[in-house]
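Notes follow the structure.
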2 protein chains.
Amino acid sequence: MYKKIPKNTIHRLPLYLSVLEQLAEESQNQEEFFHSVDLEKLLNIKNSVIRKDLSYFGEFGVKGKGYNIVSLKTALKEILDINVIKKTVIIGCGNIGTAIIKYPYFTKINLEIVAGFDVDPKIIKQKINQTPVYHIDRLVDFLNKEKIQFVILAVPVHASKFILQDLITKTDIHGIINFTPISLKVPKHIKVINSYISAKILEMYFYLKNTNA
Amino acid sequence: MYKKIPKNTIHRLPLYLSVLEQLAEESQNQEEFFHSVDLEKLLNIKNSVIRKDLSYFGEFGVKGKGYNIVSLKTALKEILDINVIKKTVIIGCGNIGTAIIKYPYFTKINLEIVAGFDVDPKIIKQKINQTPVYHIDRLVDFLNKEKIQFVILAVPVHASKFILQDLITKTDIHGIINFTPISLKVPKHIKVINSYISAKILEMYFYLKNTNA
DNA sequence: TTGAGTTTGTGAATATGATCACAAGTTCAA
DNA sequence: TTGAACTTGTGATCATATTCACAAACTCAA
């Protein structure tokens with residue numbers, strides 16, 4: 001447990017890891033080093049920010065030499081708790097939900113999508129990439145039995161309200177990754193992370209309109 | 001053109017709009033008002049933040065009374081430039097790309113996905129939801145001819161490098177919405193907005209590990 | 001018409017995050 | 001073995017964002 005990590009630092013940690021994975025793949029040598037300035041060039045994040053971000057978690061570098069690719073990668077995996085396999089479910093197996101189930105990079109972060117849930121009988125009982133899809137009536141039981149810690153919510157807006165209610169009152173989940181375009185009202189022991197696609201597009205609209213291009 | 005809008009303010013604008021859309025749907029009365037405190041409860045964003053955010057763009061409220069739902073919604077749409085129809089393309093029509101093409105909420109924000117691009121002959125020449133899919137060789141010409149302002153990039157990592165190069169050197173796009181798990185190196189007249197799904201999951205890992213649950 | 005009750009919009013104060021700049025440790029060539 | 005050249009890690013400084021708190025403006029009931 002660390003004391004006071006800035007939110008933006010947490011946002012950046014996955015980016016660092018992502019670049020390190022690439023560097024590790026490209027490098028021949030296990031003992032290869034790199035500098036915070038190299039990372040700055042790859043990520044457009046100031047080297048001072050990178051060093052400060054890492055400093056919240058310990059000292060990973062060698063003065064005068066830099067960071068060892070492999071050992072920093074290992075450290076970041078530890079910080080982000082990637083080494084423990086996590087199980088989650090997708091609630092809503094429409095387009096977005098299905099795409100997420102098929103997303104190939106989750107194995108890299110030890111995420112296992114153990115089930116999908118939907119109401120459409122055409123989808124239920126099929127398997128999407130070996131992942132079974134059940135009726136949403138079975139969601140609460142499943143989460144409790146399997147001790148799922150967080151879920152991925154990808155249902156249409158109108159369905160989200162009652163599902164959310166069930167999640168809050170009848171299960172013990174601690175996190176929701178929300179692909180729904182609405183903001184979820186949850187008790188504070190539940191962490192919501194939003195991935196509202198339209199918001200990204202609208203941000204783009206704003207920038208396009210307001211830059212002297 | 002506004003002067004100095006905080007980044008976080010821009011992130012929040014789409015959320016305000018999203019809530020207002022909901023409120024507008026639910027309200028019977030065109031003349032209904034609401035307060036910043038109501039919004040605070042719906043979004044978990046402090047009312048003072050909401051008021052300050054709005055104040056960067058003008059005065060939309062009535063002292064002692066609040067904001068008119070419809071007119072604030074209209075104002076936000078103007079700020080986010082939603083009223084003008086925007087055209088974009090999806091580069092990479094795998095799972096994520098296809099899901100995005102089918103995403104139903106884009107009509108709400110006047111976004112038209114006019115084409116998809118891929119290299120897989122099985123996908124090319126099919127239509128996904130009325131959207132034609134072309135070979136990626138035709139991307140540059142298409143973007144130039146149709147004067148596309150921004151693209152959505154959803155290709156596998158290995159493909160992104162040369163596509164990015166083409167986008168930068170041979171087209172006049174000003175924005176990339178990046179679903180790729182790597183950070184794109186672009187000249188500064190191009191705005192990149194990242195939507196790296198694994199990052200959201202890793203953030204969740206971090207919070208789950210570091211909260212005394 | 002009045003005035004108590006609201007709620008906005010916004011400067012000022014506070015808190016948070018980014019940047020700077022440099023001591024301290026390490027490397028490595030001579 | 002020495003010392004110039006690096007690069008980290010981190011207080012101090014600067015910049016940005018949030019919160020506070022209140023005047024100003026409006027509402028509405030009496």
Side-chain angles (χ1 to χ4, degrees), chain A residues 2-13 15-16 19-20 23 29 31-76 79 203 206-207 210, chain B residues 2-16 19-20 23 29 31-76 79 183 188 203 206 210:
Chain A
Y2 318 99
K3 33 188 175 181
K4 218 21 181 26
I5 316 291
K7 242 185 156 185
N8 289 348
T9 295
I10 296 164
H11 289 315
R12 285 187 293 261
L13 293 177
L15 303 180
Y16 299 153
V19 169
L20 284 168
L23 288 175
N29 180 354
E31 288 308 313
E32 211 163 309
F33 276 68
F34 70 102
H35 317 312
S36 55
V37 174
D38 300 333
L39 261 196
E40 168 167 353
K41 281 179 196 143
L42 290 167
L43 283 166
N44 280 327
I45 296 173
K46 280 252 165 79
N47 65 77
S48 53
V49 171
I50 295 168
R51 289 204 306 280
K52 182 144 281 186
D53 281 347
L54 295 176
S55 78
Y56 291 112
F57 303 99
E59 305 194 2
F60 304 106
V62 180
K63 290 181 184 184
K65 198 171 182 195
Y67 301 88
N68 175 272
I69 295 178
V70 173
S71 65
L72 184 56
K73 194 183 74 168
T74 305
L76 275 170
I79 292 164
E203 236 181 278
F206 184 86
Y207 282 110
N210 297 104
Chain B
Y2 318 100
K3 33 189 174 181
K4 217 19 179 29
I5 316 292
K7 244 185 155 183
N8 290 346
T9 294
I10 296 164
H11 290 315
R12 286 188 292 262
L13 293 176
L15 303 180
Y16 300 152
V19 169
L20 284 168
L23 288 175
N29 179 354
E31 287 308 313
E32 211 163 307
F33 276 68
F34 71 101
H35 316 313
S36 56
V37 175
D38 301 331
L39 261 196
E40 168 167 352
K41 282 178 196 144
L42 291 168
L43 283 168
N44 280 327
I45 297 172
K46 281 252 166 77
N47 65 76
S48 54
V49 171
I50 295 167
R51 290 205 305 281
K52 182 142 282 188
D53 281 348
L54 295 176
S55 78
Y56 291 111
F57 302 98
E59 304 194 2
F60 305 105
V62 181
K63 289 180 186 184
K65 200 172 182 195
Y67 301 88
N68 176 273
I69 294 178
V70 173
S71 64
L72 184 56
K73 193 183 75 166
T74 306
L76 275 169
I79 292 165
S183 111
K188 53 183 167 309
E203 237 181 278
F206 184 86
N210 299 104

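Using a 3.5 Å distance cut-off with no hydrogens or angles, the side chains of N47(A) and R51(A) do pair a donor with an acceptor.
Minimum interatomic distance between I45(A) and V49(A) (heavy atoms only, all atoms of both residues): CG2-CG1, 3.8 Å.
By the side chain to side chain donor-acceptor pair (under 3.5 Å) test, S183(B) pairs with no residue at all, sequence neighbours left out.
Taking for each of H35(B) and Y56(B) the nucleotide of DNA chain C with the nearest heavy atom, the 5'-most of the two is the partner of H35(B). Mapping D53(A) and V62(A) onto DNA chain C by nearest heavy atom places D53(A) closer to the 5' end of the strand.
For the pair N47(A) CG and dA18(C) C1', the computed distance is 12 Å after rounding to whole Å. Separating the CZ atom of R51(A) from the P atom of dG25(C) is a distance of 16 Å, rounded to the nearest angstrom. Here dT7(D) presents its C1' atom at 13 Å from CD1 of I50(A), a figure rounded to the nearest Å. Rounded to an integer number of Å, the gap from E59(A) CD to dT26(C) P is 10 Å. We find that CZ of F60(A) is positioned 17 Å from C1' of dT7(D), with the value rounded to whole Å. The separation between L54(A) atom CG and dT10(D) atom P is 11 Å, rounded to whole Å. Taking atom NZ of K4(B) as the reference point, atom P of dA15(D) lies 10 Å away to the nearest angstrom. The NZ atom of K52(A) sits 10 Å away from the C1' atom of dC20(C) (whole-angstrom rounding).
Contact annotation: S48(A) side-chain N/O to dC20(C) OP1/OP2 distance is not under 4.0 Å. A close approach under 4.0 Å does not occur between any side-chain nitrogen or oxygen of K65(B) and OP1 or OP2 of dG5(C). In this structure, S36(B) reaches the dT8(C) phosphate: one of its side-chain N or O atoms is under 4.0 Å from OP1 or OP2. Checking the phosphate oxygens (OP1, OP2) of dT18(D), a side-chain nitrogen or oxygen of R12(B) falls inside 4.0 Å. Distances shown here put every side-chain N or O of Y67(B) at or beyond 4.0 Å from the OP1 or OP2 atom of dT6(C). OP1 or OP2 of dA18(C) lies within a sub-4.0 Å distance of a side-chain N or O belonging to N8(A).
Among the protein residues, K46(B) comes within range of the sugar-phosphate backbone only, with heavy atoms under 4.0 Å from sugar or phosphate atoms but none that close to a base. Nucleic acid contact for K7(A): sugar-phosphate only, since backbone atoms but no base atoms lie under 4.0 Å from a heavy atom of the residue.
Judged by distance alone, with hydrogens and angles left aside, the side-chain atoms of H35(A) form a donor-acceptor pair with the main-chain N or O of K65(A) at under 3.5 Å.
Closest to the side chain of V49(A), out of dT19(C), dG9(D), dG9(C), is dT19(C).
The aromatic rings of Y67(A) and F34(A) sit tilted relative to each other, their planes meeting at an angle between 30° and 60°.
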